[in-house]
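Working notes, structure below.
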Amino acid sequence: MNFDNKYKYIFLSALMSVFSLCANAQVECEDTCQHIHGIDISHYQRDVFWEAVGNTKMAYVYIKATEGGDRIDHMYEQNIQMARQHGIKVGSYHFYRPKADQEMQLQNFLTQCRPEEQDLIPMIDVETTAKLDPEEFCDSLFKFLELVEHAYRQKPLIYTGANFYDKYLQEKLDRYLIMIAQYTEKEPVLADGRDITLWQYTGRGRLEGINGHVDKSRFMGNHTLRELRFRQRKASLPALPHREGAGKRTEEER
């Protein structure tokens with residue numbers, strides 16, 4: 001091989017390696033397995049092209065509705081209407097703030113998460129103790145979960161991280177279905193060995209119709225969407241104000 005051909009070969013080999021890496025980077029978990037996959041989103045994803053998302057393998061989406069006692073996600077109404085319009089099963093979630101008044105948090109969530117718009121049970125996002133001691137934190141959380149269950153006449157799904165669960169919630173959530181966040185190749189195993197319904201396996205997923213990263217999850221074992229079905233019973237909901245102006249934007253949105 002002469003000098004010129006040698007460097008042409010090196011250049012072409014390097015170029016092929018780059019193309020190979022780019023191709024591999026586009027391979028997502030849902031492309032290589034048969035599990036039921038979905039996403040969760042908030043205003044961080046900005047405008048979502050739901051028609052494109054509806055043509056992917058995503059079977060469900062959990063949409064951020066509220067946070068604490070007075071904050072709403074300003075993209076919620078648009079997201080839930082468009083997701084439903086394009087045939088994706090939808091659920092809504094509330095980011096729980098342990099120090100905020102539980103009744104105020106419930107009213108905030110009820111204002112946004114209306115039963116007639118839900119396909120999936122509500123989800124409560126539990127990620128912080130707000131520096132409360134474990135006993136006080138759990139007392140606060142479970143009072144709120146009972147309020148949610150009473151209002152919607154069904155237990156909510158609980159979302160939390162694997163490490164957070166092991167540290168604060170071990171053996172305390174047996175009555176609830178759980179989604180566990182753990183961004184590793186191996187499936188999560190909790191310290192108390194309890195069953196996991198959903199696994200959020202990445203916070204940096206890519207999906208047609210969404211610019212930037214998106215959280216992706218999938219069902220574990222033999223669990224299916226049927227277990228999360230929102231039962232359209234007459235919930236004990238108070239008269240609710242119109243969504244417009246019903247809450248404030250989150251601090252991140254300002």
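Along the sequence shown, residues are numbered consecutively beginning with 1.
By the salt bridge (Lys or Arg N to Asp or Glu O under 4.0 Å) test, Lys99 is found to be paired with no residue, residues two or more places apart in sequence or in another chain being considered. Asn211 is linked by a side-chain hydrogen bond (donor to acceptor under 3.5 Å, both in side chains) to nothing, counting only residues two or more places apart in sequence or in another chain. Residues meeting the side-chain contact (heavy atoms from CB on, under 4.5 Å) test with Arg46, sequence neighbours left out: none. Residues meeting the side-chain hydrogen bond (donor to acceptor under 3.5 Å, both in side chains) test with Tyr60, sequence neighbours left out: Ser217. Taking the side-chain hydrogen bond (donor to acceptor under 3.5 Å, both in side chains) definition, one finds that Glu227 meets it with His223, sequence neighbours left out. Glu51 pairs by the side-chain hydrogen bond (donor to acceptor under 3.5 Å, both in side chains) definition with nothing, not counting sequence neighbours. The side-chain contact (heavy atoms from CB on, under 4.5 Å) test applied to Lys167 returns no partner, not counting sequence neighbours. Remark: Thr56 engages Val53, Met58, Leu207, Glu208 in a side-chain contact (heavy atoms from CB on, under 4.5 Å) (not counting sequence neighbours). Every residue meeting the side-chain contact (heavy atoms from CB on, under 4.5 Å) condition with Glu187, not counting sequence neighbours, appears here in chain and number order: Trp199, Arg218, Met220.
Side chains of Tyr201 and Gln182: a donor-acceptor N/O pair is absent below 3.5 angstrom, by distance only.
Applying the side-chain hydrogen bond (donor to acceptor under 3.5 Å, both in side chains) definition to pairs two or more places apart or across chains, those involving residues 86-95 are Thr66-His94, Tyr76-Ser92, Ser92-Gln118, His94-Gln105. Applying the salt bridge (Lys or Arg N to Asp or Glu O under 4.0 Å) definition to pairs two or more places apart or across chains, those involving residues 138-148 are Asp139-Lys143.
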Let me check something: any side-chain donor-acceptor pairs from residues 121-130 under 3.5 Å, sequence neighbours excluded? List them with distances.
{"unit_1": "Thr128", "atom_1": "OG1", "unit_2": "Ala130", "atom_2": "N", "d": "3.0"}
{"unit_1": "Thr129", "atom_1": "OG1", "unit_2": "Lys131", "atom_2": "N", "d": "3.3"}

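Contact of the Val214 side chain with the Asp40 side chain is not registered, since no non-hydrogen atoms from C-beta on lie closer than 4.5 Å. Here the side chains of Gln102 and Ser140 are in contact, with some heavy-atom distance below 4.5 Å.
For Phe164 and Phe137, the distance between ring centers is under 6.0 angstrom.
Residues Tyr165 and Glu171 approach most closely at OH-N, 3.6 Å, considering heavy atoms.
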